[in-house]
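Because the structure is a prediction, the values reported are computed rather than measured. Note that ligands are numbered from 1 as they come in the structure, with each ligand's atoms numbered from 1 the same way.
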Amino acid sequence: MPLVSMRQLLDEAAKGGYGVGAFNVNDMEQIQAIMAAAKETNSPVIIQASRGARAFAQDRFLFHLILAASELYPEIPIAMHQDHGNSFETCKSAIELGYTSVMMDGSLKEDGKTPSSFEENVAVTKRVVDFAHDRGVTVEGEIGVLGGVEDGHGAGGSGLEHVTDPDQAVEFAELTGVDALAIAIGTSHGAYKFTKKPDGSVLKMDVLIAIHKRLPNTHLVMHGSSSVPKDLQDVVNEYGGKLKETWGVPVEEIQLGIRNGVRKINVDTDNRLAMTGAIRKVLWTQPEKFDPRDYMKPAREAMQKVVAQRMTQFGQAGHAGDYAPISIAEIAKGYADGTLATRPLVAAK
Ligand code: 13P
């Protein structure tokens, strides 16, 4: 199957009332793990690459690896997404490479660290939307600022400094025409999200629900959504790692989000932990090993297990064959003739 538009994938998820995991990749084994999990669970999937991943793997390697996934698994709809684009140029380069979706994270300035003004965010996001939609490419925007830093991108902090204001979310969606909206509800990138199991004082599901009430048809995106399960932390620490005790976003909170308009769920850290634990275990218990396949194979299997579990928990499992892909050219026509709405439905307060 050719790569599909993320907009189509999320529109279908909204119809079916489920969420779709967006898993970060840097290398071949991670792409293979995701595809094996998608096949195992019969799931559509979003594969995403940050700027850091694109630099690490080199653009053309990563692009062709994901294309290989679409050739090898023709029954699985795959959207290829730029995670946290920091500028118009970054998004343009992804679109020109062949990504079917981009995130313009205008919540931060181009340095990827400093929070921007609402006006700056609207201006750069709208510019990306106009360029992308002309080419049939989906756009995710962000309003409010996430916590933490991932691959050098992020404002740091706990994630509570810039929680999304629902009125601003409405205005932002109306002014930009984004297909998907990432919001800040107290989550942050990386392993250290919460110092105890999160409750409503640090994980603002009430804000998410308020935004969904005002924007009932807008696809919401939860970033920083790794659950950081204790069993994955334990494997790392059992074999020489030094992770401090930490909590992520409980799966039941993500499921509450999915019942309230969340269609895309970003997960990276859980997969990093799973792979690192598996690699540590081999190197710790069998120090004579030196063939990378001896540890990359268990690492790939460990990631597949986590991804398959999330696909089932998010509800995308079983939905790979629900729809035929619409070509990117047809999607571009849809944006141009208004069949694909870019004006959000706004409910009264
Ligand atoms: P985690 O660090 O929680 O996996 O979040 C990943 C993410 O949001 C990527 O954009």
Could you tell me, atom by atom, which parts of ligand 1 come under 4.0 Å of a heavy atom of H223? 8 (O), 10 (O)
Check whether any side-chain heavy atom of I143 sits under 4.5 Å from a side-chain heavy atom of L181, and report yes or no. yes
Hey, are R51 and Q82 close enough side-chain-wise for a donor-acceptor pair under 3.5 Å? no
Part of N24 with heavy atoms under 4.0 Å of ligand 1, whether side chain, backbone, both or neither: side chain
Does a donor on one side chain sit under 3.5 Å from an acceptor on the other, for E140 and H223? yes
For D83, counting its heavy atoms only, list the atoms of ligand 1 lying under 4.0 Å from any of them. 9 (C), 10 (O)
For ligand 1, which is the ligand I care about here, please tell me if D268 has any N or O atom under 3.5 Å from one of the ligand's N or O atoms. yes
With no hydrogens and no angle check, just 3.5 Å: does a side-chain donor-acceptor pair link T90 and S87? yes
Going by the atom numbers of ligand 1, which of them fall below 4.0 Å from some non-hydrogen atom of H84? 10 (O)
Are I76 and L3 joined in one hydrophobic group, where the rule is that I, L, V, M, F, W and Y side chains link up if heavy atoms are under 4.5 Å apart? yes
Considering L146, D105, T269 one by one, which has a heavy atom nearer to atom 1 (P) of ligand 1 than any of the others? T269
Which of the atoms of ligand 1 are close to K193, meaning less than 4.0 Å from one of its heavy atoms? 1 (P), 2 (O), 3 (O)
Are the side chains of I78 and V4 in contact, using a 4.5 Å heavy-atom criterion? no
Min over S225, G224, G154, S227 of heavy-atom distance to atom 8 (O) of ligand 1 lands on G224
Against heavy atoms of H189, which atoms of ligand 1 measure under 4.0 Å? 2 (O), 5 (O), 6 (C), 7 (C), 8 (O), 9 (C), 10 (O)
Counting only N and O atoms by type, is there a donor-acceptor contact under 3.5 Å from the side chain of N86 to the main-chain atoms of G112? no
Counting both backbone and side chain atoms, is some N or O of V267 under 3.5 Å from an N or O of ligand 1? no
Angle class for the H189/H84 ring planes (parallel below 30°, perpendicular above 60°, tilted otherwise)? perpendicular
Could an N or O of ligand 1 be found under 3.5 Å from any N or O of D270, whether backbone or side chain? no
